[in-house]
Engineer: 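This is the structure I want to talk about, given as structure tokens.
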Amino acid sequence: MHPDAQKQIWNRRLDRRELLKTIGMAGSILALTGPSQWARALAQEQAGVAAEADTSVASVPPSTGEVPRRALGKTGVEVSALCFGGAHWGRIKDEAEAIQLLHEAIDAGVTFLDNAWEYNGGRSEELMGRALMGRRPQAFLMTKVCSHGRDKKVALQQLEDSLRRLRTDYLDLWQIHEVVYPDDPERHFAPNGAVEALLEAKRQGKVRFIGFTGHKDPKIHLKMLQYDFPFDACQMPLNVFDGTYRSFEREVLPVLNQRGIAPLGMKSLSGNAAPITEGIVTVEEALRYVLSLPIASLVSGIDSAAVLKQNLEIVRRFTPMTTAEMQALRARTAAYAEDGQYELFKSTTRYDGRIGRAQHGLS
């Protein structure tokens, strides 16, 4: 097919009815080890389908004491269910300490690594590049383009910056970062926009898989998905409060699973761990809830040996919550969730990056 014809297909907008057809019960939904009844029942609940929940977890193998691996959508690749977040980690002042922490995570089986061009002014990528010297084949490496609506040329230059900092000649996953403003989808899909950079990078063999991220509003994610574009992955906030307020779990997650786009969770502790420090939920409840959703991996901020040990213990003994357990936890936290006070990344600009704000004319 001629490239221009391909571009026309990928830029085609799906109408809302066509898009929402994907939120039904039918379709293959990613579970821990493949399609299963419990994941299908969860998808029905997320879509508002009145159905009797199957709380069986018989299709999920018992914990092996190792970090579980899950399918990355329909890519044919598996990744660690826990993803090592690069933002918090890049703030560790002692470089040797940071590198040692990442090595410990990789050795423990946390081989999916998260980063972004703008994290800590590029330090996160530079530090990760040094840490991966001699270890690059062990890692599934993801970083993000932070063009924030600027053109393909800017995006591809950022790719070269990222490759140089990360000391690699390819990325496993390259995602458009922080799609959080209502006009972002139009900006990224404009002629000579960021999505054309994704395709060009893939064509050049510098990127294996492509996706986008955002933390603001499920409607913006759905607008991105209305374009018939071959995303491999999509990152979004998922936590015990999300099911009640501006819910990515109910509105976006079923669409991704129906289309075979790998869902990646983030902000399981609400971005600042306030629900933990205030005693609303425990870390184990928070992580276990999100890991019980049909996602490929959960990006977790890990900035100390204590946090790494804690998260490893939780994920190594992980068994999924039943639908009833998840509903009980949502009900218990619903009163805290209704006004968005524990998901300020959705309701305020406090979590929006400086560069993105500047590109949208905001201070």
Side-chain angles (χ1 to χ4, degrees), residues 1-24 26-30 35 70-79 83 112 114 116 140-147 149 151-152 155-156 158-159 162 170-179 184-214 218-236 248 251-265 294-297:
M1 182 181 293
H2 191 277
D4 289 341
Q6 284 186 329
K7 191 183 298 183
Q8 289 175 4
I9 292 173
W10 289 326
N11 285 341
R12 180 172 65 89
R13 293 288 297 271
L14 303 178
D15 63 33
R16 186 167 181 83
R17 178 178 297 177
E18 188 177 355
L19 177 68
L20 294 180
K21 284 180 181 178
T22 61
I23 310 183
S28 61
I29 293 178
L30 174 66
R70 300 184 178 183
L72 186 75
K74 59 184 179 184
T75 64
V77 171
E78 287 189 341
V79 295
C83 177
F112 187 3
D114 158 81
F140 185 94
L141 181 59
M142 176 249 287
T143 197
K144 310 180 195 81
V145 57
C146 304
S147 54
D151 64 16
K152 175 182 176 180
L156 289 175
Q158 290 189 358
L159 174 62
S162 292
Y170 77 97
L171 300 173
D172 294 290
L173 176 60
W174 194 37
Q175 300 199 95
I176 298 173
H177 187 225
E178 207 173 65
V179 182
D184 276 348
E186 287 82 3
R187 287 175 177 238
H188 295 312
F189 278 95
N192 202 38
V195 295
E196 291 190 20
L198 298 185
L199 294 175
E200 178 64 18
K202 214 171 183 182
R203 186 190 68 78
Q204 293 178 4
K206 295 180 179 180
V207 170
R208 295 175 65 196
F209 307 115
I210 53 180
F212 73 95
T213 83
K219 291 183 177 63
I220 299 174
H221 270 51
L222 291 176
K223 189 187 289 188
M224 287 288 286
L225 294 168
Q226 282 180 334
Y227 293 88
D228 197 11
F229 186 82
F231 288 117
D232 297 302
C234 174
Q235 191 168 323
M236 58 194 169
F248 287 83
E251 296 188 42
V252 180
L253 185 57
V255 176
L256 299 178
N257 280 307
Q258 173 64 24
R259 290 173 55 170
I261 300 171
L264 305 175
I295 65 170
S297 190

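Side chains are part of it too, since the values below use all heavy atoms of this structure and drop only hydrogens, waters and symmetry mates.
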Engineer: Just to verify, what does Asp232 make a salt bridge (Lys or Arg N to Asp or Glu O under 4.0 Å) with, not counting sequence neighbours?
Structural biologist: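 Applying salt bridge (Lys or Arg N to Asp or Glu O under 4.0 Å) to Asp232 gives Lys202.
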
Engineer: If you take all heavy atoms of Pro294 and Asn257, which pair is closest and at what distance?
Structural biologist: O-ND2, 3.2 Å

Engineer: Measure the CE-CZ distance between Met224 and Phe229 for me, rounded to the nearest 0.5 Å.
Structural biologist: 8.0 Å

Engineer: Could you check whether any side-chain N or O of Glu196 sits under 3.5 Å from a backbone N or O of Asn192, counting only pairs where one atom can act as donor and the other as acceptor?
Structural biologist: yes

Engineer: State which residues pass side-chain hydrogen bond (donor to acceptor under 3.5 Å, both in side chains) with Gln158; sequence neighbours excluded, sorted by chain then number.
Structural biologist: none

Engineer: Check whether any side-chain heavy atom of Trp174 lies under 4.5 Å from a side-chain heavy atom of Thr143, and answer yes or no.
Structural biologist: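 They are in side-chain contact.
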
Engineer: Residues in side-chain hydrogen bond (donor to acceptor under 3.5 Å, both in side chains) with Ser297, at least two apart?
Structural biologist: none

Engineer: Return the CG to CG distance between Asp114 and Leu264, rounded to the nearest 0.5 Å.
Structural biologist: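 That separation rounds to 9.0 Å.
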
Engineer: Please name all residues satisfying ring-ring contact (aromatic ring centres under 6.0 Å, His included) with His188, sequence neighbours left out, ordered by chain then number.
Structural biologist: none

Engineer: Output yes when Lys223 and Glu186 qualify as a salt bridge under the 4.0 Å nitrogen-oxygen rule, no when they do not.
Structural biologist: yes

Engineer: So how far is it from Ile220 CD1 to Glu178 CD, rounded to the nearest 0.5 Å?
Structural biologist: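 Here the rounded value is 10.5 Å.
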
Engineer: Quick one: list whatever passes salt bridge (Lys or Arg N to Asp or Glu O under 4.0 Å) with Lys152, sequence neighbours left out.
Structural biologist: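 Checked Lys152 against salt bridge (Lys or Arg N to Asp or Glu O under 4.0 Å); zero matches.
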
Engineer: Could I get the full list of side-chain hydrogen bond (donor to acceptor under 3.5 Å, both in side chains) partners for Thr213, not counting sequence neighbours?
Structural biologist: none

Engineer: What is the minimum heavy-atom distance between Asp172 and Leu141, and which atoms define it?
Structural biologist: OD2-N, 2.7 Å

Engineer: Measure across Gly211 and Leu198 and return the closest heavy-atom pair with its distance rounded to 0.1 Å.
Structural biologist: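 Residues Gly211 and Leu198, closest heavy atoms: O-CD1, 4.0 Å.
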
Engineer: Can Val255 and Ile261 be said to form a side-chain contact (heavy atoms from CB on, under 4.5 Å), step by step?
Structural biologist: CA-CA 8 Å; Val255 176; Ile261 300 171; over 6 Å; no

Engineer: Between atom CD1 of Ile295 and atom SG of Cys234, what is the distance when rounded to the nearest 0.5 Å?
Structural biologist: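 Answer rounded to 0.5 Å: 12.0 Å.
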
Engineer: Do Val145 and Leu159 pass the side-chain contact (heavy atoms from CB on, under 4.5 Å) test, and can you show the C-alpha distance, the side-chain angles, and the key distance before you say yes or no?
Structural biologist: CA-CA 7 Å; Val145 57; Leu159 174 62; over 6 Å; no

Engineer: Could you list the residues that satisfy ring-ring contact (aromatic ring centres under 6.0 Å, His included) with Phe140, not counting sequence neighbours?
Structural biologist: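 ring-ring contact (aromatic ring centres under 6.0 Å, His included) list for Phe140, sorted by chain: Phe112.
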
Engineer: Backbone N or O of Ser147 within a donor-acceptor pair of the His177 side chain at under 3.5 Å?
Structural biologist: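 Here the side-chain-to-backbone pair does not exist.
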
Engineer: Can you give me the closest heavy-atom contact between Gly73 and Ala262, atom names plus distance?
Structural biologist: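 Closest approach of Gly73 to Ala262: N-CB, 3.3 Å.
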
Engineer: Please round to the nearest 0.5 Å and tell me the distance separating atom CD of Gln235 and atom NZ of Lys144.
Structural biologist: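 The CD atom of Gln235 sits 5.0 Å away from the NZ atom of Lys144.
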
Engineer: Which pair of heavy atoms, one from Pro263 and one from Met236, lies closest together, and at what distance?
Structural biologist: CB-CE, 4.0 Å

Engineer: Can you say whether the rings of Phe189 and Tyr227 are parallel (under 30°), tilted (30 to 60°) or perpendicular (over 60°)?
Structural biologist: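 The arrangement is parallel - the two ring planes meet at less than 30°.
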
Engineer: Among residues at least two apart in sequence or on other chains, which ones pass side-chain contact (heavy atoms from CB on, under 4.5 Å) with Arg187?
Structural biologist: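 Arg187: side-chain contact (heavy atoms from CB on, under 4.5 Å) contacts with Asp183, Asp184, His360.
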
Engineer: Working to the nearest 0.5 angstrom, can you tell me the gap between Leu225 CG and Arg259 CZ?
Structural biologist: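 CZ of Arg259 is found 5.0 Å from CG of Leu225.
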
Engineer: Looking at every non-hydrogen atom in both residues, tell me the closest pair between Leu72 and Thr75 and how far apart they are.
Structural biologist: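 Where Leu72 meets Thr75 most closely, the heavy atoms are O-OG1, 2.7 Å.
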
Engineer: Apply side-chain contact (heavy atoms from CB on, under 4.5 Å) to residues Phe212 and His221 and explain how you reach the verdict.
Structural biologist: CA-CA 9 Å; Phe212 73 95; His221 270 51; 3.7 Å; yes

Engineer: Tell me, with the steps shown, if Leu256 and Phe231 meet side-chain contact (heavy atoms from CB on, under 4.5 Å).
Structural biologist: CA-CA 10 Å; Leu256 299 178; Phe231 288 117; over 6 Å; no

